[in-house]
Amino acid sequence: MSALIEEAEIAHEAEIVWLEDVGRLDYVRQSLDRLPTRRGKPAYHRDGRMVGYAQLGPHAKPSRSSGTFRRRVFWLLPHDRDTAPGGLYATGAPAEAVDPRTLAPGSKGRKTERSEGGTCSSSAQELPLRL
């Protein structure tokens, strides 16, 4: 869950790679996955689809026990608002969801009025989208 992600755990992120246009998405789900590499597109084993992932810088250290790296993966499930606008998340958002406009390497992002299903305020509409 995004609330459980500590910024110290993502401090070695160098880049976020988006696989689709997140400008049309109110929220994305994020999780920290154990992956075998610092960079590159990870394998995806959830329902739904992966919409992005973080790449780590050269100073990121693997786990001593497993040799894996903890990297963020951004994803959506089939019942999320982008494909089911009147469904379960017509208002509100999953616990691990954040507004993709608030994400940056090393920053866990946050929920916004838009990600919670409210109307987007004029000040929020002016926020730059970081790709």
Side-chain angles (χ1 to χ4, degrees):
M1 287 194 247
S2 61
L4 300 178
I5 294 175
E6 297 292 330
E7 292 202 350
E9 296 175 297
I10 58 176
H12 291 292
E13 288 182 345
E15 178 183 11
I16 293 177
V17 176
W18 295 113
L19 302 173
E20 59 184 77
D21 178 11
V22 294
R24 64 179 190 79
L25 299 174
D26 292 344
Y27 64 82
V28 295
R29 295 172 185 251
Q30 68 176 341
S31 59
L32 271 176
D33 291 0
R34 291 200 174 275
L35 300 169
T37 62
R38 287 181 181 89
R39 304 183 68 75
K41 184 179 176 183
Y44 185 72
H45 303 290
R46 293 181 178 90
D47 287 341
R49 69 190 193 276
M50 178 172 38
V51 295
Y53 57 91
Q55 300 203 100
L56 303 179
H59 299 295
K61 303 281 186 236
S63 164
R64 289 182 186 194
S65 60
S66 67
T68 59
F69 297 89
R70 294 192 71 193
R71 290 172 49 196
R72 280 193 295 176
V73 175
F74 304 98
W75 47 285
L76 291 167
L77 291 175
H79 60 272
D80 281 325
R81 191 180 311 141
D82 69 307
T83 54
L88 179 62
Y89 295 111
T91 60
E96 66 272 15
V98 294
D99 187 330
R101 292 155 193 80
T102 67
L103 290 166
S107 174
K108 67 181 186 174
R110 60 184 169 78
K111 291 184 186 281
T112 62
E113 183 178 1
R114 179 184 180 107
S115 69
E116 290 294 312
T119 57
C120 191
S121 68
S122 60
S123 61
Q125 291 173 357
E126 295 171 9
L127 288 174
L129 176 61
R130 295 182 195 132
L131 294 177

Over all heavy atoms of both residues, which pair between [X] and [Y] is shortest? Give the atoms and the distance, please.
X    : Y    : result
P105 : E15  : CG-CA, 3.8 Å
G106 : R72  : N-NH2, 4.1 Å
G109 : V98  : C-CG1, 4.0 Å
A93  : S115 : CB-O, 3.3 Å
W18  : P100 : CH2-CB, 4.3 Å
I16  : A104 : CD1-C, 3.6 Å

Exercise. Applying side chain to side chain contact (heavy atoms under 4.5 Å, CB included), name anything that partners R24, two or more places apart in sequence or on another chain.
Key: E20, R49, D82

Quiz prompt | Any residue meeting side chain to side chain contact (heavy atoms under 4.5 Å, CB included) with E9, in chain and number order, not counting sequence neighbours | solution = I5, E6, L32, R70

Quiz item: Backbone N or O of L35 within a donor-acceptor pair of the D33 side chain at under 3.5 Å?
Solution: no

Practice problem: Ignoring hydrogens and angles, tell me if any N or O in the side chain of R81 forms a donor-acceptor pair with the backbone of G92 under 3.5 Å. | Solution: yes

Practice problem: Sorted by first residue and then second, give each ring-ring contact (aromatic ring centres under 6.0 Å, His included) pair with at least one member in residues 27-49; sequence neighbours left out. | Solution: none

What is the distance from atom [atom1] of [X] to atom [atom2] of [Y], rounded to the nearest 0.5 Å?
X    : Y   : atom1 : atom2 : result
L56  : I10 : CG    : CD1   : 10.5 Å
H59  : K61 : NE2   : NZ    : 7.5 Å
Y89  : T83 : OH    : OG1   : 12.0 Å
R114 : L25 : CZ    : CG    : 8.5 Å

Side chain to side chain donor-acceptor pair (under 3.5 Å) against [X], all qualifying residues, sequence neighbours excluded:
X   : value
R38 : none
R29 : D80, E96
T37 : R71
S65 : S63

Quiz item: In the single-linkage hydrophobic clustering (I, L, V, M, F, W, Y; side-chain heavy atoms under 4.5 Å), do V22 and L76 co-cluster?
Solution: yes

Quiz item: Quick one: do V73 and V17 end up in the same hydrophobic cluster if we chain Ile, Leu, Val, Met, Phe, Trp and Tyr together by side-chain heavy atoms under 4.5 Å apart?
Solution: yes

Practice problem: Just jot down the ring pair (Phe, Tyr, Trp, His ring centres under 6.0 Å) partners of Y53, sequence neighbours excluded, or say none. | Solution: none

